[in-house]
Every structure is written in C-alpha cells, then in structure tokens.
Amino acid sequence: MSGSPTTTSTRTRARDVDRSDTCAVLDTALSDGQITVDEHANRTAAAMTATTLGQLDLLVRDLQKATLRNAVAKVRRIDKIWYLAAASVVFAGLIGFLTLSADDSPPPPPPAAAEDVEPLAPIVSSTLNTVTASGIGEFITKYSTKYGTTIIDSVNFYDGYASVTRAAAISPNLEEDIDFRGGFTPRDSTSTRAASTATFDLAAVDIDKLAGYLAGVSANLNVPDAEITHISMSSSSDDPRVSIYVSNNLGASGWMDLTPDGRPIRLSPFTPR
C-alpha cells in the first residue's frame with residue numbers, strides 16, 4: 001500500500017550489499033580471533049548464497065560486532081573532533097602571536113645551546129602490499145629468514161598486514177598468533193594446539209601462477225573493478241588451499257579456492273539477482 005512504512009523481518013530478501021556487509025563482519029571476526037579459518041570459510045560461503053536477512057543474521061549473531069554504518073559514523077565523529085581540536089590550536093596560536101607582537105617588552109635572552117645528542121634512528125614504515133603476489137612472495141622470504149621454516153598452520157593476508165597461526169616455538173602442543181606489518185610481532189597469548197593440526201607449507205605456493213589468478217579475478221569471479229579483500233592459506237580436512245576473496249564498491253563479491261601450485265578447486269562467482 002502506498003505510503004506504508006517499510007518493515008523487515010528474518011524472511012526479508014537479502015541484497016548484495018547485505019551479503020557484502022556480512023562478509024566484512026566475518027573478515028573482522030577472523031582477524032581479531034573470534035572465529036577460525038575454517039569457520040570463516042564456511043560462514044563466508046554461506047553468506048554469499050544467503051537469500052534472507054535471517055540467514056545472514058544467524059551467521060554473525062554470536063559475534064562481537066558493530067554495524068558498518070556505526071563504524072563509519074564513529075570515524076566521522078572522530079575526524080570532526082580532531083578537526084575542531086586542530087582549528088582551536090591554530091586559533092590559539094594566532095592570538096598568542098598577535099599578543100606577543102603587540103608587546104613592547106625587550107626580547108628574552110637566547111636559549112642556552114643544547115648538548116650534542118645522537119640523532120634518533122628513523123622509523124621505517126612498511127609499504128608491503130600483502131594482497132599481491134609479489135608482496136606475498138616477500139612475506140614468505142621474510143618468514144623463512146625469521147623462523148628458519150616455511151611451515152605454518154594458517155595465514156590471512158590483508159592490504160598491508162598479515163595474521164599467522166603456527167605451532168609455538170616452546171611446544172608443538174601450543175599455537176601462537178603472529179601479526180606481520182613489515183616485521184613479525186607475536187601476540188601475548190597462546191592456546192592449545194591439537195596434535196592432528198594440519199600444516200601448510202608456504203614454499204609450495206607458486207607465486208607466478210598466483211599472480212595470474214589475482215590479475216584475472218574480475219573476469220573469473222564476474223566482479224567488475226574487483227578489489228581483493230583478503231587471501232587465506234590453510235589446510236584442514238581438505239587438501240592445502242589458497243582462497244582469494246574479492247568485492248567491489250557496488251556490493252558484488254566472489255571467491256575462489258586454488259591448490260598451492262595453482263590448480264583451481266572451486267569458484268564462486270558473483271551472480272546478479
């Protein structure tokens with residue numbers, strides 16, 4: 001009926017943007033340790049094929065999360081606060097300058113010469129893009145140099161950083177999570193690791209073939225102007241696999257699984273509804 005308010009329920013049909021938002025929540029849950037790599041893969045696959053809002057809600061109901069709109073609003077509020085604070089500082093500085101300029105008192109004596117000190121070492125910020133084949137190749141080299149092995153339990157690559165899970169150095173019965181942002185930083189806590197945990201060998205990844213798949217994701221997954229949201233590498237009950245996830249600013253998304261040596265396992269292209 002014309003003019004009636006729009007209502008939603010668990011049976012309301014989901015839009016592509018709803019599926020994309022749900023996948024973003026799952027990506028965040030994976031990166032902060034709420035769900036495992038396998039849970040992420042299963043829930044993401046279910047989100048991409050969900051037809052109702054109720055189905056999407058079941059996938060994220062047990063997660064700590066904030067809606068995308070709330071997150072954006074919070075960033076905008078913070079940006080506004082910083083802008084007002086910066087403007088206040090500039091205005092106060094201008095008033096102080098004008099006040100000093102009008103003061104006829106003699107200038108203060110020059111400050112005493114500072115003692116010679118050694119210059120601080122520059123802070124080097126990593127610009128490594130770890131959702132490119134070259135960036136992943138460099139990550140593997142750095143990991144091998146740091147730990148003397150290319151064996152991991154799993155890794156998730158994002159633009160500019162990666163998250164690794166591996167057997168802890170102190171015991172193979174413990175697992176540790178490591179953040180990579182140009183260098184490796186272990187997190188403070190460890191957790192129990194099953195003896196049957198399947199491992200993944202980074203050395204088995206064919207970087208050249210991976211580069212070809214990354215270059216062709218838009219065509220292969222039917223996502224125009226696709227951006228790679230993340231790449232995961234792991235082994236579970238299945239053989240070792242490399243998973244590539246993409247989306248665009250119109251809400252289209254898709255994913256594909258490959259073997260480490262570059263053979264396709266399965267593709268889930270975007271299907272307009």
Side-chain angles (χ1 to χ4, degrees), residues 6 8-31 35-61 63 65-69 71-72 129-133 135-136 154-160 162-163 205-206 209-234 236 238-260 262-273:
T6 301
T8 60
S9 71
T10 57
R11 291 177 293 178
T12 300
R13 303 290 290 189
R15 304 167 298 171
D16 289 330
V17 68
D18 299 321
R19 299 182 188 90
S20 180
D21 287 349
T22 302
C23 290
V25 172
L26 294 172
D27 290 347
T28 300
L30 174 64
S31 67
I35 57 177
T36 65
V37 172
D38 286 341
E39 288 175 320
H40 177 267
N42 293 333
R43 294 192 188 197
T44 298
M48 289 177 177
T49 57
T51 58
T52 67
L53 295 181
Q55 292 171 339
L56 292 176
D57 179 63
L58 288 174
L59 297 173
V60 298
R61 181 178 296 175
L63 302 177
K65 58 188 180 296
T67 65
L68 187 60
R69 292 185 179 87
V72 171
N129 186 346
T130 40
V131 289
T132 64
I136 291 174
S154 64
V155 61
N156 290 287
F157 295 103
Y158 303 89
D159 185 3
S163 178
V205 178
D206 189 319
K209 289 185 178 178
L210 177 61
Y213 280 106
L214 295 179
V217 289
S218 285
N220 289 332
L221 297 177
N222 193 32
V223 179
D225 300 319
E227 293 187 1
I228 299 167
T229 59
H230 67 284
I231 300 168
S232 67
M233 299 180 182
S234 64
S236 58
D238 300 325
D239 293 331
R241 67 180 184 269
V242 177
S243 301
I244 303 170
Y245 299 87
V246 304
S247 64
N248 65 14
N249 57 8
L250 298 177
S253 59
W255 57 275
M256 67 171 70
D257 284 345
L258 313 170
T259 61
R263 290 177 289 113
I265 300 174
R266 54 185 173 178
L267 276 71
S268 178
F270 171 69
T271 303
R273 298 180 183 274

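In this structure, OG1 on T36 lies 8.5 Å from CZ on R43, to the nearest 0.5 angstrom. Summarising the geometry, atom CG belonging to D57 is positioned 11.0 Å from atom CD belonging to Q55; distances are rounded to the nearest 0.5 Å. Atom CG of L258 and atom NZ of K209 lie 10.5 Å apart (nearest 0.5 Å). If you take CG on L221 and CD1 on I228, they are separated by 9.5 Å, rounding to the nearest 0.5 Å. R19 contributes atom CZ, which lies 5.0 Å from atom CG of D16 (distance to the nearest 0.5 angstrom). One finds the CG atom of L56 at 11.5 Å from the OG1 atom of T10 (value rounded to the nearest 0.5 Å).
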Inset, instruction - For the pair L63 and L26, evaluate side-chain contact (heavy atoms from CB on, under 4.5 Å) and give the outcome as yes or no after the intermediate values. - result: CA-CA 9 Å; L63 302 177; L26 294 172; 3.9 Å; yes
Legend entry - Trace of the side-chain contact (heavy atoms from CB on, under 4.5 Å) decision for D225 with N249: CA-CA 8 Å; D225 300 319; N249 57 8; 5.9 Å; no
Inset, instruction - Test side-chain contact (heavy atoms from CB on, under 4.5 Å) on I244 and L210 and set out the steps. - result: CA-CA 10 Å; I244 303 170; L210 177 61; 4.0 Å; yes
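Taking 4.5 Å as the limit, some side-chain heavy atom of V17 sits within range of a side-chain heavy atom of D21. Side-chain contact between M256 and S268: absent, with no pair of heavy atoms (C-beta onward) separated by less than 4.5 Å. Using a 4.5 Å cut-off on side-chain heavy atoms (C-beta onward), V25 and L59 make no contact. Looking only at side-chain heavy atoms (C-beta outward), I265 and T259 come within less than 4.5 Å of each other. Within the 4.5 Å cutoff, no side-chain heavy atoms of I231 are placed close to those of T130. With a 4.5 Å cut-off on side-chain heavy atoms, F270 and M48 do not count as touching. Put simply, the side chain of I136 reaches to within 4.5 Å of the side chain of M233, judged on heavy atoms. The shortest side-chain heavy-atom distance between S163 and L30 does not fall under the 4.5 Å cut-off.
Environment of CD in E227: sparse, with no more than 12 heavy atoms of neighbouring residues, nucleotides or ligands closer than 6.0 Å.
Across all non-hydrogen atoms, the minimal contact from S243 to D257 is OG-OD1, 2.6 Å. Pairing each heavy atom of A226 with each of V217, the nearest pair is CB-CG2, 4.2 Å. When all heavy atoms are compared, the tightest approach of P260 to V242 is CA-CG2, 4.1 Å. The two residues N156 and S232 come nearest to each other via the heavy atoms OD1-CB, 3.1 Å. Nearest heavy-atom pair across A47 and C23 is CB-SG, 4.0 Å. Closest approach of F157 and A162 over heavy atoms only: CD2-CB, 3.7 Å.
The backbone N or O of H40 lies less than 3.5 Å from a partner atom in the side chain of T44, making a donor-acceptor pair. Distance alone, capped at 3.5 Å, is enough to place a donor-acceptor pair between the N220 side chain and the G216 backbone. In this structure, the side chain of R11 does not engage the main chain of T52 through any donor-acceptor pair within 3.5 Å.
Using the six-membered ring where Trp is involved, H230 and Y245 have ring planes that are parallel, under 30° apart on the 30 and 60° scheme.
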